[in-house]
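Taking it in order: structure first as structure tokens, then the write-up.
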Amino acid sequence: MSVPLAFYAPLKSPDHPSPSGDRTMARLLLAALGRAGFACEIASTLRILDLAGDADRQAQLRDASLAEAGRLLSHWRERPASDRPRAWFTYHVYYKAPDWLGPVVAEALGIPYFVAEGSRARKRAEGPWALGHRGAEAALDRADLVFAMTANDRVALERDRPERQRIVDLPPFVESVPPVTAVRSGGRRLLTVAMMRPGDKLASYRLLADSLSALGARAWTLDVVGDGEAWGAVEAMFTSLGPRVRFHGRLDDPSALGALYDASDILVWPAVNEAYGMALLEAQAHGCPVVAGSYGGVTSVVRHGETGLVTPPGDTGAFARAIACLLDDPSLRHRLGVCARATVAREHTLDAAARRLRTAIEPLLAPELAPCA
């Protein structure tokens, strides 16, 4: 028996046309929930995102969500009771992308409400995102179960947790760990995989370009995978580094990206304000060690000195020295890469996530609705 479950990602739906770490994780969560015994239905593709701090925009998104909730309730109430969702699962709730929709539907249908990757931010209670903050806090307060995907998020979630709410760790995960290949030559090939957007992504690219410029006469090349509206600005940052930097654009073919992970010696990404960074985890699954900035939940997916090197946030000099350290030490690169692959295989797989999801969700369902073993 598969338990019907409504799935919603207010930041970016799993079927959104633009690739990103959020879309990847939404798709992986759907797969893990399916493997755990849940028949997931994408409840809505309504996107709730305000990057500018526009109060009017936030109010419009809230009102659109309430209208969508009414539509969904009418739709489900016309269906047999056995064909309605038995729980609601929302992925990624925070002040720029609150979930106004799920709590309303869950309350009306009398079903449990779950959240994965929820973030609380008291400092946003006042200011341009105040309405979005209230929506995110209300959703997290309503949740019966919250899956914390990083230690960084868990601190605030525990601090403001309602007494009845459970918080369960769900480490970010990948679909699979590929077999070891003989492609990696142990040379000086660096790789970056990231969208090219204004704001934090552009700041990361700028820090990376400055760090590479500080490497002196060392031999290296950099492959860059990603595109976006800031492509021109990113390309200009690396002009002085000449042909050592190769831009591949957007790679929709997973095998092409996998081949680059396999062939690269170090994944480099400053990770300015990243939640954790799916590319950091994907690279490690391929045995490629990582150099990353210690923002957000990065240290939940990169273990300093074990699977990669993590540097202080925004420190260009430290980032350059960490890259230089791995370029100069093949044995360290190899050790970190081997450990990275083993760690992902042990702790960050689809099967591991499915087990965690099932174990946490099953007790909150009516006994007759628990997934069959």
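Contact check on Arg120 versus Asp141 returns a salt bridge, with a Lys/Arg side-chain nitrogen under 4.0 Å from an Asp/Glu carboxylate oxygen. Taking 4.0 Å as the cut-off between side-chain N and carboxylate O, Asp328 and Arg218 count as a salt-bridged pair. With respect to Arg303 and Glu347, a salt bridge is recorded, a charged nitrogen being found less than 4.0 Å from a carboxylate O. Classification of Arg166 and Asp144 as a salt-bridged pair fails, no side-chain N sitting under 4.0 Å from a carboxylate O. Ionic pairing of Arg197 and Glu229 is not present here: no N-O contact between side-chain nitrogen and carboxylate oxygen is shorter than 4.0 angstrom. By the 4.0 Å N-to-carboxylate-O rule, Glu68 lies close enough to Arg71 to be salt-bridged with it.
Side-chain polar atoms of Glu274 and Trp269 form a donor-acceptor pair below 3.5 angstrom. A side-chain donor from one of His75 and Arg79 sits under 3.5 Å from a side-chain acceptor of the other. Side-chain atoms of Asp153 and Ser119 form a donor-acceptor pair, as typed in the model, at a separation below 3.5 Å. For the residue pair Asp223 / Thr221, no side-chain donor-acceptor distance below 3.5 Å is found, with atom types taken as modelled. Remark: the Asn152 side chain and the Thr150 side chain contain no N/O donor-acceptor pair separated by less than 3.5 Å.
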Which donor-acceptor pairs under 3.5 Å do side chains of residues 3-13 form with protein atoms, sequence neighbours excluded?
from, atom 1, to, atom 2, distance (Å)
Tyr8, OH, Leu46, O, 2.8
Lys12, NZ, Ser18, O, 3.2
Lys12, NZ, Ser20, OG, 3.1
Ser13, OG, Asp15, OD1, 2.6

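Without hydrogens or angle criteria, Asp265 side chain to Leu190 main chain gives no donor-acceptor distance under 3.5 Å. Under the 3.5 Å distance criterion, the side-chain polar atoms of Thr307 are left unmatched by any main-chain donor or acceptor of Cys339. A donor-acceptor pair under 3.5 Å is absent between the side-chain atoms of Glu117 and the main chain of Val93, judged by distance alone.
Across every non-hydrogen atom of Trp88 and Leu101, the tightest pair is CH2-CG, 3.9 Å.
Side-chain atoms of Leu202 and Met196, non-hydrogen and from C-beta on, never get closer than 4.5 Å to each other.
Expressed to the nearest 0.5 Å, how far CG of Asp63 lies from CD of Gln60 amounts to 8.0 Å.
With sequence neighbours left out, Tyr94 forms a ring pair (Phe, Tyr, Trp, His ring centres under 6.0 Å) with His92.
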Q.
Applying side chain to side chain donor-acceptor pair (under 3.5 Å) to Tyr113 and Asp99, what does each step give before you reach the verdict?
A. CA-CA 11 Å; Tyr113 174 64; Asp99 181 13; 2.7 Å; yes

